[in-house]
Structure formats: C-alpha cells, structure tokens
Amino acid sequence: MNFVEELRWRGLLHDMIPGTEELLSKEKVAAYIGFDPTAESLHIGSMVQIILLMHLQRHGHTPIALVGGATGMIGDPSFKSEERKMLSEETLQKNVAGIEAQLRRFIDFDKGAQLVNNYEWFKDFSFLGFMREVGKHISVNYMMAKDSVKKRLETGISFTEFSYQLIQGYDFYWLWKHKNAKLQLGGSDQWGNIVTGTELIRRMAGGEAFALTVPLVTKADGSKFGKTEQGNVWLDGRLTSPYQFYQFWLNTSDEDAEKYIKIFTFLSKDEIDVLIATHQENPAARVLQKRLGEEITTLVHGKSELDSAIAASQLLFGSGTTEQLAALPEATLLQIFEGVPHYMLDKSLLENATNILDLLAVHTPVFESKGEARKMIQQNALSLNKAKYSDAAGTPRTEMLISGKYILVQKGKKNYYLLQFS
RNA sequence: GGGGAGAUAGCCAAGUGGCCAACGGCAACAGACUGUAAAUCUGUCCUCUUCGGAGUUCGCAGGUUCGAAUCCUGCUCUCCCCA
C-alpha cells in the first residue's frame with residue numbers, strides 16, 4: 001500500500017493537486033508541513049499533521065517540518081473572523097523552541113528528515129527585495145479571490161495579515177529551490193496558502209510543485225475537536241497531564257472513535273476492522289476508545305506514563321476503594337494524582353477541625369461556600385477517599401489520612417482534589 | 001432633524017403597585033440509570049447562612065407610596081421607521 005492509499009483508507013485525504021499521487025508513486029519526495037508557533041506547545045489538533053509526516057517517513061519519503069518563526073510574526077488570517085493579536089518576539093522564540101523540541105519526539109530528524117525555521121530565510125530578506133522578487137508575481141486580485149480571506153474582506157483585514165499567503169508561498173518556493181521539496185501538506189484550511197505557493201514556484205521559476213491536504217478533524221456532535229471544558233488538550237504533559245490526555249481519548253463517542261482510530265493510530269486495516277467489529281458487538285466495553293487512548297498516549301507520553309494514567313483511571317472511576325487507595329505507596333499516589341489540584345494545609349487544621357463544611361469550604365477552594373458544600377453533601381455528591389460522605393455535620397478525623405498526609409476529595413464524579421496535611 | 005420601540009439573573013424571555021429572589025426555556029452543576037457515553041428522570045442554579053432565615057438585585061440617578069421590576073422625573077445606551 002503506498003502513501004496516498006494509506007491516507008485514503010484512513011480518511012486522511014481531503015484534496016490533492018492533480019499529479020500529486022503519480023509523483024508520490026514514482027519517486028521518493030521531500031514534503032513539508034508548517035507549524036504555527038502560537039503557543040509553547042502543540043495541541044492535539046496538530047497531531048494530525050505530525051502523524052501525516054510520520055506516515056510520509058514510513059513510506060520512504062522525506063518529511064520536512066517547518067516551524068513558522070517568521071510567519072508567526074504575521075499571523076495566518078485563513079478562515080479567522082478577526083485580526084489576531086501579535087505575539088512578542090520573545091514569546092515567539094520560546095514557542096518556536098518548545099515546538100521544535102516536541103517535533104523531535106515524533107520524527108527522526110537524522111534520517112534525512114529536516115526541521116527548519118522560516119525565520120532563517122526571512123530575517124535577511126529586505127522589504128523592498130521581497131516586494132520586487134516575490135510580490136510582483138502575484139496579483140492582489142488573485143489573493144483576494146481566496147476563500148480563506150473572503151470573510152475578512154467584509155469585516156476588515158490588515159495589510160500584514162493579507163500578505164500572509166505570500167510569505168507562506170515564498171516558504172514553499174524556498175524549500176522547493178533549496179531542499180527540493182516538491183510537495184506541501186497541510187490541513188484543508190491551508191489549501192489557499194499552499195496553492196499560492198505552487199503558483200509562485202511556477203511564476204518565479206517555471207517549476208512544478210504539488211499540494212495535499214487532510215480533512216479537518218470533526219466531532220459527531222458538532223462541537224470543536226480537541227477542546228475540553230478545561231480548554232485545549234496539549235501535547236505537553238505539564239499543560240495537559242498524561243492522565244487527562246488519556247481520559248480525553250477514552251471519552252470519545254462511539255461514532256468518532258471509529259474515525260479517530262484510523263487517523264490517530266498506526267494500527268493496520270485488519271487490526272482496526274477487528275476492533276471495530278468487536279466494539280460494535282459490545283459497545284459498553286469501549287475497546288475502541290481504550291485502544292485509541294493507549295496507542296496515542298504511548299506515542300505522545302510513552303508507555304510508563306500510559307500505565308500510570310490507566311492505573312489512575314481505574315482507581316478513580318473503576319473499582320477503586322478506600323482500601324486500595326490506602327494501600328498505595330506514597331510515590332505512586334502522587335504520580336497518579338499529578339494532574340489533580342493539590343492543596344497544602346496545616347495539620348493542626350485537621351486536628352482541631354470540628355466541621356467538614358468548614359474544612360472544605362473555608363480552608364480549601366473545593367467548595368465556594370458552606371451553603372454550597374451543604375447542598376452538595378445533601379445531594380450525595382461528596383466522596384472522601386473514594387467513599388461517599390453524606391453527613392454535612394460530620395467531623396473530619398486524622399484517621400482519614402492516607403499515608404499519614406493525604407485526603408482525596410471528590411466533588412461529583414469527575415472533580416478531584418488532593419489535600420495534603422503537614 | 002422627526003416619530004416609535006426597548007433595556008429583567010450566564011444567555012433567551014415572562015412579569016406592568018403587595019401572593020416577586022422574580023413564570024418558562026437554554027446553558028451549567030449534582031443525583032439516579034448507564035459504558036467515566038447518549039437519551040431519560042430528579043434536584044440545584046444572585047450572595048451568605050447556625051437551613052430558621054439574612055442581605056443585595058430587574059440600564060443609571062432621584063422621587064411618589066405603608067409597600068416599586070411595575071407609577072413619576074431626569075440621564076445613559078440599543079433597535080426600528082421617516083427625512
């Protein structure tokens with residue numbers, strides 16, 4: 001199975017410039033994808049692009065990952081409804097460094113693959129030089145006709161953002177010329193920018209270049225992929241803990257899971273067919289979600305982080321009991337609850353405590369007020385150390401402490417807090 | 001410039017002197033059920049509370065009244081029609 005066929009059955013193919021498939025089947029191609037340094041870490045929306053590069057490498061082609069040190073200074077207006085806030089150069093540098101480090105985890109940059117930053121070729125390119133060398137080849141009429149900027153022509157777009165497609169287009173030209181990159185990959189929203197690049201290559205050098213885009217990952221219920229109530233799901237474990245990351249995938253709907261397992265894992269078609277059939281026989285077992293979560297958490301965070309994420313999940317949601325919790329070594333406990341809010345309290349608070357409400361509402365942010373705490377407890381929403389606690393007038397005791405230090409507080413099903421007394 | 005309509009809790013929206021912390025819907029949160037799902041049902045949903053209550057709200061500032069989201073005066077803002 002070749003690269004394009006692979007993408008096709010996985011649902012990873014949105015559009016190609018005619019001739020792209022032929023090119024890829026007759027020679028080994030260098031292809032690039034750009035990553036925007038809008039934050040210090042990539043989030044799972046970028047995972048599709050990363051996986052695309054990995055597939056490319058697996059099929060013997062040469063991936064080039066471009067980090068947009070220069071384009072990040074401009075801001076991509078594609079399908080955005082408003083002008084973007086500019087990032088400071090300092091932030092940008094930090095973001096570029098963070099993203100480069102992450103990309104190295106997924107792509108082996110020793111085997112011909114390359115990591116580039118377009119700031120390299122833009123930093124010494126003068127404004128007048130750019131105007132004369134690049135701008136002259138593309139008409140404003142052509143640029144305005146793009147769907148990606150149409151909306152903005154009504155509401156307003158700065159010259160800076162409008163020129164973005166030329167900058168990105170020049171990237172493609174530069175990589176085509178210096179790195180023999182004949183193909184640019186990207187999300188479907190990048191089609192307009194990519195095609196400006198192929199056009200620029202044709203007009204500046206009479207060369208031929210190609211484009212391949214992947215579809216936007218969507219959710220069956222229409223909400224935006226990659227977001228939770230807590231915000232973006234990041235690849236950086238410090239921003240989204242491996243536990244939260246694993247949970248995100250585990251909570252995928254049945255319908256989406258069938259789609260995502262093809263996109264986000266490297267499992268073979270046969271394996272996936274079996275998994276889907278098994279899942280449909282017994283959806284409650286959630287074999288798809290579990291496998292999806294295992295595969296991608298391993299890819300992003302590694303096997304040992306996955307194991308503790310699974311251990312934490314089982315303890316928190318599954319059969320976890322007070323006894324099991326109490327039996328955990330302290331180090332394991334802390335590891336499992338790494339992603340859970342931690343509060344340090346003075347031990348005397350617990351020794352002198354007369355009222356559970358007072359402890360949780362006044363001394364910790366678990367509850368906003370005593371009234372709220374009382375209502376929640378009356379509704380049976382509070383658990384301490386995995387056991388329901390329903391006595392609003394109860395007194396907390398030092399015997400509750402796990403490892404002599406901790407109390408695990410649970411508000412509702414999913415909100416955990418770890419109180420540490422010392 | 002002239003005429004008209006409106007501003008109520010996170011959002012939509014009812015209420016036109018006391019029965020109003022304010023109908024109803026959405027969102028949110030919790031419980032039951034379940035698969036850590038969906039759907040459904042139940043509860044909570046201005047703030048605090050010793051659960052008895054207490055305090056602060058209906059664009060803003062005054063006023064009338066025993067009593068105002070509701071009546072009066074002024075101001076601010078939004079929308080519509082005509083020029």
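Reckoned from all heavy atoms, side chains included, excluding hydrogens, waters and symmetry mates. Below, chain A is the first sequence line, B the second, and so on; all start at residue 1. Everything quoted here is computed from the prediction, not taken from an experiment.
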Pair A:Gln247, A:Ser313: side-chain N/O donor-acceptor within cut-off below 3.5 Å: yes

P spacing across the pair B:A14 / B:A7, given as an integer number of angstrom: 8 Å

Hits for side chain to side chain contact (heavy atoms under 4.5 Å, CB included) against A:Met54, two or more places apart or cross-chain, chain-then-number order -> A:Ile50, A:Phe106, A:Ile107, A:Phe266, A:Leu299

Inter-nucleotide P distance (B:A37, B:G31), Å rounded: 10 Å

Considering only atom P, compute the distance from B:G15 to B:A28 and round it to an integer number of Å. 28 Å

State, without any angle test, whether A:Gln168 and A:Gln190 hold a side-chain donor-acceptor pair at a distance under 3.5 Å. yes

So which nucleotide does B:A54 pair with, by the Watson-Crick or G-U wobble rule with both distances under 3.5 Å? B:U47

Under the side chain to side chain contact (heavy atoms under 4.5 Å, CB included) test, which residues partner A:Lys259, sequence neighbours left out? A:Thr218, A:Asp256

Can you tell me, in whole Å, how much space there is between the C1' of B:C29 and that of B:G4? 43 Å

Mind checking the P distance from B:G24 to B:C60? Whole angstroms is fine. 25 Å

Any N/O pairs under 3.5 Å between the protein and nucleotides 34-41 of chain B? List them or say none.
residue	atom	partner	partner atom	Å
B:G35	O4'	A:Ala284	O	3.4
B:G35	O6	A:Asp254	OD2	3.1
B:G35	N1	A:Asp254	OD1	3.1
B:G35	N1	A:Asp254	OD2	3.0
B:G35	N2	A:Asp254	OD1	3.0
B:G35	N2	A:Gln289	NE2	3.4
B:U36	O2'	A:Asn251	OD1	3.2
B:U36	O2	A:Gln247	OE1	3.0
B:U36	N3	A:Gln247	OE1	2.7
B:U36	N3	A:Gln247	NE2	3.1
B:U36	O4	A:Gln247	NE2	2.9

In the structure shown, which nucleotide is the Watson-Crick or G-U wobble counterpart of B:C71, with both distances under 3.5 Å? B:G63

Distance check, C1' atoms only: B:U44 and B:A9, in whole angstrom units. 15 Å

Could you tell me which nucleotide pairs with B:C77 by Watson-Crick or G-U wobble geometry, both distances under 3.5 Å, or answer none if nothing does? B:G6

Taking pairing as Watson-Crick or G-U wobble with both contacts under 3.5 Å, can you name the mate of B:U16, or confirm there isn't one? none

Using a heavy-atom cut-off of 4.0 Å across all strands, would you classify A:Lys388 as base, sugar-phosphate, or nothing? sugar-phosphate

Mind jotting down which residue pairs meet the salt bridge (charged side-chain N to carboxylate O under 4.0 Å, His left out) criterion with at least one end in residues 24-46 of chain A? Sequence neighbours excluded, please. A:Glu27-A:Lys182, A:Asp36-A:Arg84

Counting Watson-Crick and G-U wobble pairs only, both distances under 3.5 Å, name the nucleotide matched with B:U40, or none. B:A32

Taking the C1' atom of each, how far is B:C71 from B:G25, in whole Å? 31 Å

Whole-Å C1' distance, B:G53 and B:C66: 23 Å

Check the distance between B:A28's C1' and A:Lys411's NZ and give it to me in whole angstrom. 12 Å

Do any pairs count as a salt bridge (charged side-chain N to carboxylate O under 4.0 Å, His left out) and have a residue in residues 245-255 of chain A, sequence neighbours left out, and if so which ones? none

Quick one about A:Lys146 and A:Thr196 (side-chain donor to acceptor, distance below 3.5 Å, no hydrogens or angles considered), yes or no? yes

With sequence neighbours excluded, tell me which residues meet ring pair (Phe, Tyr, Trp, His ring centres under 6.0 Å) with A:Phe130. A:Phe125

Kindly give the atom pairs (protein nitrogen or oxygen, nucleotide nitrogen or oxygen) under 3.5 Å for nucleotides 42-48 of chain B.
residue	atom	partner	partner atom	Å
B:G43	N3	A:Gln379	OE1	3.2

Select from A:Leu357 and A:Gly412 the residue whose nearest nucleotide in RNA chain B is closer to the 5' end of that strand. A:Gly412

Would you mind listing every salt bridge (charged side-chain N to carboxylate O under 4.0 Å, His left out) that reaches into residues 392-410 of chain A, with sequence neighbours excluded? A:Glu330-A:Lys405

Does B:G52 adopt a syn or an anti glycosidic conformation, taking syn as a chi angle within 90° of 0? syn

Qualifying salt bridge (charged side-chain N to carboxylate O under 4.0 Å, His left out) pairs, either residue in residues 281-292 of chain A, two or more places apart: A:Glu271-A:Arg291, A:Arg291-A:Glu295

